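Okay, structure first, notes after.
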Amino acid sequence: ADKGVGIGNQFLSKIREVNQIAHVFRAFSDPYISHIHQTHALGSTEQVLEDIEIVALELQIAGIHKRTIYVINVDERNLEDAVRKTIAVRVTTKFGGRAVVMSAKLEEDAIDLPEEERRKCLEKFGLFESGLTTFIKKTYELLGLNTFYTIKDNMVRAWSVTRETTFLEAAKIVYTDFYENFQGAEVIEVEKLLEVGSWDKVQEKGLIRQEIRDHIVRDGDIVEFNLS
């Protein structure tokens, strides 16, 4: 693929267009699932590090350098906090980026459970959120993204923006044709709105802050744009 031909080259062309790469690496020990280039014990951190090194070298040869998040798929028994932290630290110390240690099997088992049962299922392994949630947070962190929300006709929409986005720039994303009419924004943090219960009550309590075009949108802001 690094010579510019074949299906592999098409894949590398796609990789060059993205802002971030997510690599998923095996770290579980099921002997019935084969592992290519195995030189260490199945599921060992040493094998994970070697696998990452092989992929990193292939990308380096192809001249691809991207922000990377490493998803380490472990056995459920290795989900203890200390074990997860050890694996993540060893990976990020050697390769940089971010690392998420999770069990795909546990994620699969828990995803269709009712919310309360899913919470209890995760807590049995010392987890307070799913691996998918952690992955999304780490991805936003690595890309330097925040999320703000708009509400219209009782519908909530989330918007992803870079951390230095101003309210004028955010208005341009939401209202592509009318953003130049931006006069300001009424803003409340999503946690405060959920705590108080409604936009009207938030206004009554004087919790809404007024923002101008050059101010920076914060993560978790709910924004109502004022357009003339």
Side-chain angles (χ1 to χ4, degrees), residues 1-2 8 11-12 14-16 18-113 115-147 160 163 219:
D2 58 295
F11 172 74
L12 292 178
K14 294 295 183 182
I15 291 294
R16 290 187 175 93
V18 304
N19 295 319
Q20 174 183 295
I21 300 173
H23 288 310
V24 182
F25 290 94
R26 171 185 178 161
F28 58 88
S29 57
D30 189 338
Y32 297 103
I33 300 178
S34 61
H35 187 85
I36 300 174
H37 306 308
Q38 180 189 344
T39 57
H40 300 280
L42 285 174
S44 67
T45 303
E46 287 71 23
Q47 185 64 60
V48 171
L49 294 173
E50 183 173 293
D51 291 343
I52 295 175
E53 194 158 14
I54 290 171
V55 175
L57 179 60
E58 291 174 346
L59 291 175
Q60 183 179 350
I61 292 172
I64 296 175
H65 304 278
K66 296 288 183 179
R67 287 172 287 198
T68 304
I69 185 166
Y70 302 97
V71 182
I72 314 301
N73 182 17
V74 301
D75 293 306
E76 294 177 359
R77 60 183 172 82
N78 285 330
L79 283 172
E80 292 90 346
D81 190 53
V83 176
R84 287 188 291 114
K85 285 181 178 178
T86 298
I87 297 173
V89 168
R90 290 193 64 181
V91 169
T92 55
T93 298
K94 186 168 185 178
F95 299 102
R98 300 290 189 277
V100 176
V101 180
M102 60 190 289
S103 167
K105 183 178 184 305
L106 177 62
E107 297 288 315
E108 182 181 23
D109 292 342
I111 193 169
D112 292 325
L113 294 175
E115 184 175 350
E116 183 62 20
E117 290 184 35
R118 182 167 63 250
R119 181 184 63 79
K120 290 180 179 179
C121 178
L122 295 175
E123 285 182 351
K124 285 194 301 184
F125 296 93
L127 303 174
F128 299 98
E129 63 183 15
S130 70
L132 177 59
T133 298
T134 303
F135 172 77
I136 292 170
K137 289 180 178 179
K138 291 284 187 180
T139 297
Y140 267 59
E141 180 183 307
L142 190 59
L143 291 174
L145 297 176
N146 283 339
T147 300
S160 297
R163 288 176 183 164
D219 189 47

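Keep in mind that this is a model prediction, so the values were computed, not measured. Because only heavy atoms are used, hydrogens play no part in the values below, and waters and symmetry mates are left out as well, while side chains stay in.
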### Query
Hey, are the side chains of Ser160 and Tyr140 touching, using non-hydrogen atoms and a 4.5 Å cut-off?
yes
### Message
Counting C-beta onward and ignoring hydrogens, is there a side-chain heavy-atom pair between Gln47 and Glu50 closer than 4.5 Å?
### Response
yes
### Task
Compute whether any side-chain donor of one residue and acceptor of the other, for Thr92 and Tyr70, lie under 3.5 angstrom apart.
no
### Task
For the pair Gln20 and Thr139, evaluate side chain to side chain contact (heavy atoms under 4.5 Å, CB included) and give the outcome as yes or no after the intermediate values.
CA-CA 8 Å; Gln20 174 183 295; Thr139 297; 3.3 Å; yes
### Task
Locate the shortest heavy-atom distance separating Leu142 from Thr68; write the atom from each residue and the value.
CD2-O, 3.3 Å
### Query
Are side-chain heavy atoms of Arg67 and Arg98 found at a separation under 4.5 Å?
no
### Query
Do the side chains of Thr147 and Asp219 get nearer than 4.5 Å, heavy atoms only?
yes
### Query
Do Ile69 and His23 have side chains that get closer than 4.5 Å, going by heavy atoms?
no
### Ser44 (side chain) donor-acceptor with Ala41 (main chain) under 3.5 angstrom
yes
### Task
For residues Lys85 and Asp81, determine if any side-chain heavy atom of one lies less than 4.5 Å from a side-chain heavy atom of the other.
yes
#### Entry: Residue list, side chain to side chain contact (heavy atoms under 4.5 Å, CB included) with Glu123, at least two apart or on another chain
Arg119
### Check: Gln38 side chain, His40 main-chain N or O, donor-acceptor pair, under 3.5 Å
yes
### Query
Going through the distances and angles, do Thr134 and Leu127 end up as a side chain to side chain contact (heavy atoms under 4.5 Å, CB included)?
CA-CA 10 Å; Thr134 303; Leu127 303 174; over 6 Å; no
### Message
Using 0.5 Å steps for rounding, measure from the CD1 atom of Ile72 to the CE atom of Met102.
### Response
11.0 Å
### Query
In this structure, which one of His37, His35, Arg26 forms a side-chain hydrogen bond (donor to acceptor under 3.5 Å, both in side chains) with Asp51?
His35
### Query
So, the side chain of Lys66 versus the backbone of Arg16: is there a donor-acceptor pair under 3.5 Å, distance only?
yes
### Query
Would you call Phe28 and Val74 a side-chain contact if the rule is heavy atoms closer than 4.5 Å?
no
#### Entry: Least distance between heavy atoms, Glu129 atom then Leu122 atom
C-CD1, 3.8 Å
### Query
Run the side chain to side chain contact (heavy atoms under 4.5 Å, CB included) check on Thr45 and Thr86 step by step: do they pass?
CA-CA 9 Å; Thr45 303; Thr86 298; 5.9 Å; no
### Query
After noting the C-alpha distance and the side-chain angles of Val55 and Phe25, does the key distance pass the side chain to side chain contact (heavy atoms under 4.5 Å, CB included) rule?
CA-CA 10 Å; Val55 175; Phe25 290 94; 3.9 Å; yes
### Message
Would you compute the distance between atom CZ of Arg84 and atom CZ of Phe125 and round it to the nearest 0.5 angstrom?
### Response
11.5 Å
### Task
Would you check if Leu42 and Asp30 make a side-chain contact, meaning some heavy-atom pair closer than 4.5 Å?
no
